[in-house]
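All ligand and atom numbering here is 1-based and tracks the order in the structure. This structure is a prediction, so every number in the text was calculated from the model and none was measured.
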Amino acid sequence: MTAEAPASYVDDLQAYRDGLRRHLESTPELDQFRRRDHLGTEDRIARDARLMAMLAANGGWNLFGWPDKVGGRGGDERHRGVLYDELSSAGLPVPEPQLLLETLCPAVTRFSPHLAERHAPAFLRGEEWWGQCFSEPEAGSDLASLRTRARREGDNYVISGQKLWTSHGATATRLVCLVRTGTPESRHRGLSMIMLDVDSPGVTVRPIALASGDNELAEVYFDDVVVPADQLVGSENQGWSVAMFLLQYERAMYAWQSAAVALRRVTELRDLVAGQSGGLPDGAVRRLGACYLDIVTLRARSSETVRRLAAGETVGPEASVDKVLLAAAEQGLHDLARDLLGSDFLLSVSPRLQAWRAEWWYSRSATILGGSAEVQRTILADHILGLPKEKA
Ligand SMILES: Cc1cc2nc3c(=O)[nH]c(=O)nc-3n(C[C@H](O)[C@H](O)[C@H](O)COP(=O)(O)OP(=O)(O)OC[C@H]3O[C@@H](n4cnc5c(N)ncnc54)[C@H](O)[C@@H]3O)c2cc1C
């Protein structure tokens, strides 16, 4: 058991970074997480949750950046940014549940602190993780048309409908769902956010097998699921505001996490390619350089966004810039790996190459998840540049 990381790190980000780096370098128990075995979704999430639990139990390192009331140790988004940076540069995974933690926890903390106080401490410590149920078969980009319904009955809501593409849905213990509490015509004005336990009677989760072989996503069915009304995140029909607050975190903090991982991966790719028989393929140097620049550009942009979130500013639609840069950097890196690793990329059964292959598949979704690239560009055109609507 290591000593608790000092509380003074809340006010001294550089000391937190230095202390965390020393801890990650000098803790042999963490070596098990550095292995590059290729794991399926459930095993990967379970491994990452164990890493979160170990960091929390041995020093409380991953609890900085979250308020005391939700089980954190204080600090802000910049502490979380430092955590992702240092984990990645130490050759450790950025735990996958942290993406959903970044997506859901700030909104739950802001709009329903009682729920965050009740449930977030277990999430921070890797004891449970949550899923985000927004998308439906007929409502992805156009979320305001969603149809999963919650009707009020006494002290409860009763939910019926179907959600689709729920990340980590197959193993999450809690779901944060956007549901319709108003009339179908009410569009975004008639939506509410509600948190529920996956093991509530009437919830059915069906994993979706992806082309990569993983079942990272799930369909979730709600058949008259009874949820106590105090599980609302925000108030009834405030769901759209909660979702907009949440999406800026999903887009911005995911961008930072991805850049932290990509910076390590591009150097690993360089080493892998340089070690191939015959040396670097033609054009490799130029393409590696261009890829590195894309990642550094994303990081430069993202650092400003993270600082703004930490200062309590609303980033709002500007987070779409981060999301567009993230998708370009992520897909560029993995396309480069595919091109430079040649037939090894397609055929090798080594865990390292399998991991590149699986990540390439996942990178295809970078222009879809969290809002498609086309929709992000439309948001920028409408809300940031104020351009006139194009004629159909
Ligand atoms: C890996 C992955 C993880 C995901 N995780 C989650 C999750 O955890 N929770 C969740 O709720 N959802 C999740 N999603 C779903 C994701 O948010 C949606 O797929 C996305 O918002 C697009 O919605 P859709 O799939 O319904 O496509 P559609 O909205 O049907 O779009 C289809 C195509 O039309 C384009 N299009 C649509 N509207 C416009 C427009 N107005 N202007 C220009 N082009 C447009 C889109 O860009 C896209 O190319 C995930 C998706 C993926 C791939």
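The shortest N or O to N or O distance between Ser372 and ligand 1 is under 3.5 Å. Some N or O of Trp165 is nearer than 3.5 Å to an N or O of ligand 1, by distance alone.
For the pair Arg80 and Trp66, the cation-pi criterion (under 6.0 Å, within 45° of the ring axis) is fulfilled.
When distances from atom 35 (C) of ligand 1 to the protein are checked, no heavy atom turns up under 4.0 Å. Put simply, atom 41 (N) of ligand 1 has no protein non-hydrogen atoms near it, under 4.0 Å away.
Listed by chain and number, the residues in a side chain to side chain contact (heavy atoms under 4.5 Å, CB included) with Ala229 are Arg152, Tyr157 (sequence neighbours excluded). Under the rule for a side chain to side chain contact (heavy atoms under 4.5 Å, CB included), the partners of Arg149 that lie at least two apart in sequence or sit in another chain are Arg180.
Nearest protein heavy-atom neighbour of atom 28 (P) of ligand 1: Ser141 OG, 3.6 Å. Ranking the protein heavy atoms by distance from atom 24 (P) of ligand 1 puts Gly140 CA, 3.9 Å first. Summary of contacts: the protein heavy atom closest to atom 12 (N) of ligand 1 is Ser135 OG, 2.7 Å. For atom 9 (N) of ligand 1, the closest non-hydrogen atom on the protein side is Gln132 O, 2.7 Å. Considering only non-hydrogen protein atoms, atom 5 (N) of ligand 1 sits nearest to Ser167 OG, 2.8 Å. At the shortest separation from atom 43 (C) of ligand 1 among protein heavy atoms lies Glu374 CB, 3.8 Å.
Here atom 51 (C) of ligand 1 lies nearest to Leu369 when heavy atoms of Val176, Thr103, Leu369 are compared. Closest to atom 45 (C) of ligand 1 by heavy atom, among Thr378, Val375, Asp214, is Val375.
Heavy atoms of Leu100 found under 4.0 angstrom from ligand 1: none, in either backbone or side chain.
The backbone N or O of Gly234 lies less than 3.5 Å from a partner atom in the side chain of Ser112, making a donor-acceptor pair.
Test His114, Arg174, Arg118 against Gln231 for side chain to side chain donor-acceptor pair (under 3.5 Å) and you get one pass: Arg118.
Note: the hydrophobic cluster containing Leu217 does not contain Leu101 (ILVMFWY, side chain heavy atoms under 4.5 Å, direct or indirect links).
Ring geometry for Trp360 against Phe345 counts as perpendicular: the plane angle is over 60°, on a 0 to 90° scale with 30° as the lower cut.
Of the charged side-chain nitrogens involved, none lies within less than 4.0 Å of a carboxylate oxygen, so that Lys163 and Glu219 do not count as a salt-bridged pair.
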